[in-house]
Amino acid sequence: MAEEEHTPSSGVPAWLVALVAVLFVAVLFTGAFLVSTIAGGDRYASPTERDIREASQTLARDPDDLQARLALAYAYQQGGRFEDAVREYDTVLNAVPDEPAALYNKGVALLALGRETEGEEALWLTLAARPAHVLAAKALGVRLMERREWAELAEMLLPVVEKDEKAADLQAMLGRAYEELGDRQRALERYRLALVYDSDLSEALEGVERLEVTP
């Protein structure tokens with residue numbers, strides 16, 4: 001049997017020396033990686049984590065920076081931290097009660113938390129502050145449709161589409177409200193107007209098809 005190879009001076013097997021050398025290099029690499037991560041953590045953070053850190057740093061310098069607070073609130077919201085987001089939106093709204101971005105996003109965050117009454121209230125306030133806020137109208141409209149509250153849906157949507165006629169999906173939603181309320185003519189007008197701006201919109205196409213074949 002061949003003798004096991006040893007280093008000349010220590011009697012340690014050469015394979016073990018090589019293994020220790022490899023492990024030593026690995027430890028050095030790991031240590032360098034950890035130091036790099038700690039020193040430059042932003043490189044390894046998610047975009048949302050970086051946004052939270054940057055907005056927090058800005059607010060540490062200037063707590064009255066409302067744009068930074070809005071950015072922080074939105075970053076929390078994007079990260080699923082809805083309670084934190086609502087808290088920051090409320091801080092903005094304490095300073096500017098009709099700030100539409102804070103109102104709308106607060107409403108969305110509240111809905112995500114299951115606080116539906118408060119969420120819808122925030123969406124209504126968004127529309128009061130900015131009547132042509134299409135996203136708020138969509139979010140609220142979907143909920144009114146689910147509850148089949150057609151008269152309230154039509155009342156909510158009409159001023160929005162009058163200010164933003166090109167919102168094809170809202171035109172179709174308004175057409176559906178009129179259709180359910182039995183106003184065939186106005187429903188057709190809204191469906192057709194929706195198709196002017198989105199000729200492939202299925203809700204409008206289906207609505208026109210239903211109503212044009214109805215005696």
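Just so you know, residue 1 is the first one in the sequence shown, and it goes up from there.
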Under the ring-ring contact (aromatic ring centres under 6.0 Å, His included) rule, what pairs show up with a residue in residues 100-145, not counting sequence neighbours? Tyr104-His133

OG (Ser46) and CD (Gln78) are apart, to the nearest 0.5 Å, by 11.0 Å

Step by step, work out the salt bridge (Lys or Arg N to Asp or Glu O under 4.0 Å) result for Arg81 and Glu88. CA-CA 11 Å; Arg81 296 171 57 177; Glu88 298 300 334; over 6 Å; no

Name all residues meeting the side chain to side chain donor-acceptor pair (under 3.5 Å) criterion together with Glu155; count only those two or more places apart in sequence or in a different chain, and write none if there are none. none

Looking at Arg186 and Asp183, what are the two nearest heavy atoms and their distance? NE-OD2, 2.7 Å

For a side chain to side chain contact (heavy atoms under 4.5 Å, CB included) check, start with the C-alpha distance between Arg190 and Val161, then their side-chain angles and the critical distance, and finish with the verdict. CA-CA 10 Å; Arg190 293 298 167 178; Val161 297; 3.7 Å; yes

Nearest 0.5 Å, please: how far is CZ in Arg69 from CG in Leu93? 12.0 Å

Give me the atom names and distance for the closest heavy-atom approach of Leu113 to Val86. CD1-CG2, 4.2 Å

If we only count heavy atoms from C-beta on, is the Leu70 to Glu99 side-chain gap below 4.5 Å? yes

Is there a donor-acceptor pair under 3.5 Å between the side chain of Asn94 and the backbone N or O of Asp90? yes

Please say yes or no: joined through hydrophobic side-chain contacts below 4.5 Å, possibly via intermediate residues, are Val208 and Leu174 part of one cluster? no

Single-linkage hydrophobic cluster, 4.5 Å side-chain cutoff, Leu127 and Met145 together: yes

Going by an N to O cut-off under 4.0 Å, is there a salt bridge joining Glu203 and Arg176? no

Salt-bridge present (Arg192, Glu212; N to O < 4.0 Å): yes

Between Ala102 and Val92, which heavy-atom pair has the shortest distance, and what is it? CB-CG1, 4.0 Å

To the nearest 0.5 Å, tell me how far Glu54 CD sits from Thr58 OG1. 7.5 Å

Hey, are Asp84 and Arg87 close enough for a salt bridge, meaning a charged N less than 4.0 Å from a carboxylate O? yes

Approximate separation, where rounding is to 0.5 Å, of Lys106 NZ and Gln77 CD: 12.5 Å

Closest non-hydrogen atom pair, Thr48 against Ala75: CG2-O, 3.3 Å

If I compare all heavy atoms of Gly107 with all of Ala122, which pair ends up nearest, and what's the gap? CA-CB, 3.6 Å

Closest non-hydrogen atoms of Ala172 and Leu201, given as atom of the first, atom of the second and distance, are CB-CD2, 3.7 Å

Could you state the interatomic distance from CD (Glu180) to CZ (Arg148), rounded to the nearest 0.5 Å? 5.0 Å

Same apolar cluster (I L V M F W Y, side chains within < 4.5 Å links), Phe82/Leu125: no

Flag yes if Val134 and Val142 sit in one hydrophobic cluster, no otherwise; membership is Ile, Leu, Val, Met, Phe, Trp, Tyr, and two members link when side-chain heavy atoms are under 4.5 Å apart. yes

CD (Glu152) and CE (Met156) are apart, to the nearest 0.5 Å, by 8.0 Å

Do Leu140 and Met173 belong to the same hydrophobic cluster, where Ile, Leu, Val, Met, Phe, Trp and Tyr are linked whenever their side-chain heavy atoms lie under 4.5 Å apart, directly or via other members? yes

Step-by-step side chain to side chain contact (heavy atoms under 4.5 Å, CB included) determination, Arg143 to Leu111: CA-CA 11 Å; Arg143 303 181 70 79; Leu111 291 176; 3.7 Å; yes

May I have all residue pairs that pass ring-ring contact (aromatic ring centres under 6.0 Å, His included) and include part of residues 164-201, sequence neighbours excluded? none

Applying side chain to side chain contact (heavy atoms under 4.5 Å, CB included), run through Asp169 and Asp198 and close with a yes or a no. CA-CA 8 Å; Asp169 47 356; Asp198 186 350; over 6 Å; no

